[in-house]
2 protein chains.
Amino acid sequence: MAHDLCEVHGLHPEALERVQGEMPDGQTMLRLCDIFKALADPTRARILFALSREELCVCDLASLTGLSSSAISHQLRLLRANRLVRFRREAKMAFYSLDDEHVRLLLDQGLCHARE
Amino acid sequence: MAHDLCEVHGLHPEALERVQGEMPDGQTMLRLCDIFKALADPTRARILFALSREELCVCDLASLTGLSSSAISHQLRLLRANRLVRFRREAKMAFYSLDDEHVRLLLDQGLCHARE
DNA sequence: CTTACAGTTGATCAATTGCTCACATGTAAA
DNA sequence: TTTACATGTGAGCAATTGATCAACTGTAAG
């Protein structure tokens with residue numbers, strides 16, 4: 001017996017208990033991952049970077065990325081669902097922009113790290 | 001003709017040009033996405049959060065997450081490949097910790113946003 | 001040497017994901 | 001009203017991903 005004891009209790013129970021106490025709850029963790037997931041795709045990262053500089057419509061973003069406006073629309077839907085972008089309608093067009101200053105901060109911080 | 005003109009040139013060429021000028025190059029973008037990808041999974045997010053508080057071994061992380069040490073080892077390999085964690089060997093154990101203060105900042109910033 | 005065990009690794013498989021395609025919606029010019 | 005066109009949406013498909021399983025490695029106690 002005593003098999004897998006390590007994986008059940010861990011080798012450093014005191015340290016584990018400290019970490020457990022501060023660990024965010026499951027829902028917060030999922031929300032956190034959703035935010036990072038939104039930033040974790042080249043297309044969406046380009047979209048968000050562009051919107052951090054200018055308010056743009058779907059066509060602009062399609063042109064910028066070289067993808068179809070359908071593809072962009074799908075991604076914007078996801079970004080809207082995560083409340084990372086908001087939009088306003090004007091005639092036929094939909095103008096998108098960042099919903100939150102936090103997003104810009106995350107992007108810039110990530111870029112800073114990406115460039116070492 | 002003049003079909004798809006929108007998707008070729010965009011509707012706001014001046015704005016597009018401004019954004020294009022500041023857009024990070026492809027390699028930087030991929031690196032950026034790799035970093036965010038590493039943070040975009042609940043298991044890895046938990047691992048990174050834990051390591052942001054304590055130096056821990058694979059067993060500890062397995063116990064913390066309820067996953068096999070194999071699963072954890074796979075994820076740590078990925079995190080190592082992205083230079084987000086480093087480790088030192090001591091007898092049979094491998095102690096992991098965050099490789100970079102930037103990671104802790106990104107995590108905390110993300111959490112701040114996740115909690116609104 | 002033998003055993004135990006922390007850790008690593010490659011194969012595999014189900015689930016997720018990002019795009020395309022075809023079609024629907026809504027607005028405005030002709 | 002007809003037409004053009006910016007945008008949104010559901011289905012489908014190929015590629016990616018995260019876990020499990022079954023090995024294997026290396027270290028240290030007996």
Side-chain angles (χ1 to χ4, degrees), chain A residues 1-12 16 29-30 33-34 36-48 55-82 85-96, chain B residues 1-12 16 29-30 33-34 36-48 55-82 85-96:
Chain A
M1 54 191 292
H3 252 272
D4 292 328
L5 200 143
C6 135
E7 293 185 14
V8 175
H9 302 297
L11 292 179
H12 308 87
L16 273 186
M29 222 48 172
L30 285 180
C33 289
D34 281 342
F36 284 130
K37 239 179 256 179
L39 292 152
D41 170 76
T43 297
R44 286 191 297 271
R46 282 194 177 86
I47 290 176
L48 290 171
E55 186 190 48
L56 295 169
C57 69
V58 180
C59 263
D60 292 331
L61 293 167
S63 161
L64 187 72
T65 56
L67 292 172
S68 67
S69 42
S70 170
I72 299 299
S73 191
H74 277 298
Q75 299 294 15
L76 286 171
R77 181 184 164 85
L78 198 156
L79 293 174
R80 258 184 296 149
N82 283 292
V85 303
R86 60 186 152 73
F87 73 112
R88 65 185 175 85
R89 290 208 154 277
E90 189 170 307
K92 288 190 261 189
M93 292 176 287
F95 286 93
Y96 282 81
Chain B
M1 54 189 289
H3 253 273
D4 292 323
L5 198 144
C6 136
E7 293 184 15
V8 175
H9 301 297
L11 291 179
H12 307 87
L16 274 187
M29 222 48 173
L30 285 179
C33 289
D34 282 340
F36 284 132
K37 241 180 252 177
L39 292 151
D41 170 75
T43 296
R44 286 192 297 270
R46 271 184 247 275
I47 291 176
L48 290 171
E55 186 192 47
L56 295 169
C57 69
V58 178
C59 263
D60 293 329
L61 293 166
S63 161
L64 188 73
T65 56
L67 292 172
S68 67
S69 44
S70 170
I72 299 298
S73 191
H74 277 298
Q75 300 292 17
L76 286 171
R77 181 182 163 83
L78 198 155
L79 294 174
R80 257 184 296 147
N82 283 291
V85 303
R86 60 187 152 72
F87 74 113
R88 63 185 175 87
R89 291 207 155 277
E90 189 169 307
K92 285 190 264 191
M93 291 176 290
F95 286 94
Y96 282 82

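Hydrogens, waters and symmetry mates play no part in the numbers below; they use all other heavy atoms, side chains included.
- Across A:Leu48 and A:Ala38, no two heavy atoms sit closer than the pair CD1-O, 4.2 Å.
- Residue A:Leu76 is out of contact with every strand shown, counting any heavy-atom pair closer than 4.0 Å.
- To the nearest angstrom, P of D:dG8 lies 12 Å from CG of A:Leu79.
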Per-nt protein contacts along nucleotides 21-30 of chain D (heavy atom under 4.0 Å; B base, S backbone sugar-phosphate only, - none) come out as BB---BBS--

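- Looking at residues two or more places apart in sequence or on another chain, you find no side-chain hydrogen bond (donor to acceptor under 3.5 Å, both in side chains) involving A:Ser70.
- An OP1 or OP2 oxygen of C:dG18 is reached within less than 4.0 angstrom by a side-chain nitrogen or oxygen of A:Arg44.
- Spacing between atom NZ of B:Lys37 and atom P of C:dT17 amounts to 12 Å, rounded to whole angstrom units.
- As rounded to whole Å, 9 Å separates atom P of D:dT7 from atom CG of A:Leu61.
- Distances from the side chain of A:Tyr96 to the nucleotides C:dG7, D:dG8, D:dT9 place D:dG8 closest.
- One finds a side-chain N or O of B:Arg77 lying less than 4.0 angstrom from the OP1 or OP2 phosphate oxygen of C:dT9.
- With the nearest nucleotide of DNA chain C identified for both B:Ile72 and A:Leu78, B:Ile72 has the one nearer the 5' end.
- Which of C:dG7, D:dT7, D:dT17 sits closest to the side chain of B:Val58 comes down to C:dG7.
- The CZ atom of A:Arg46 sits 14 Å away from the P atom of C:dG18 (whole-angstrom rounding).
- The distance between atom CD of B:Gln75 and atom P of C:dG10, rounded to the nearest whole Å, is 15 Å.
- Put simply, CG on B:Leu61 and CD1 on B:Ile47 are 5.5 Å apart, with the number rounded to the nearest 0.5 Å.
- Rounded to whole Å, the distance from CD on A:Glu7 to P on C:dT8 is 12 Å.
- The disulfide (SG to SG under 2.5 Å) test applied to A:Cys57 returns no partner, not counting sequence neighbours.
- Nearest nucleotide to the side chain of B:Arg80, out of D:dG8, C:dG7, C:dT9: C:dT9.
- A straight line from CZ of B:Phe36 to C1' of D:dT17 spans 20 Å, rounded to a whole angstrom.
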Side-chain atoms of residues 71-81 of chain A: list all donor-acceptor pairs with protein atoms under 3.5 Å, sequence neighbours left out, distances to 0.1 Å.
from: A:Gln75; atom 1: OE1; to: A:Arg44; atom 2: NH1; distance (Å): 2.9

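- The list of salt bridge (charged side-chain N to carboxylate O under 4.0 Å, His left out) pairs with a residue in residues 55-71 of chain A, not counting sequence neighbours, reads A:Glu55-A:Arg88.
- Atom CZ of A:Phe36 sits about 6.5 Å away from atom CZ of B:Phe36, to the nearest 0.5 Å.
- A straight line from CZ of B:Phe95 to P of C:dT8 spans 12 Å, rounded to a whole angstrom.
- The phosphate of D:dA19 (OP1 or OP2) has a side-chain N or O of B:Thr43 nearer than 4.0 angstrom.
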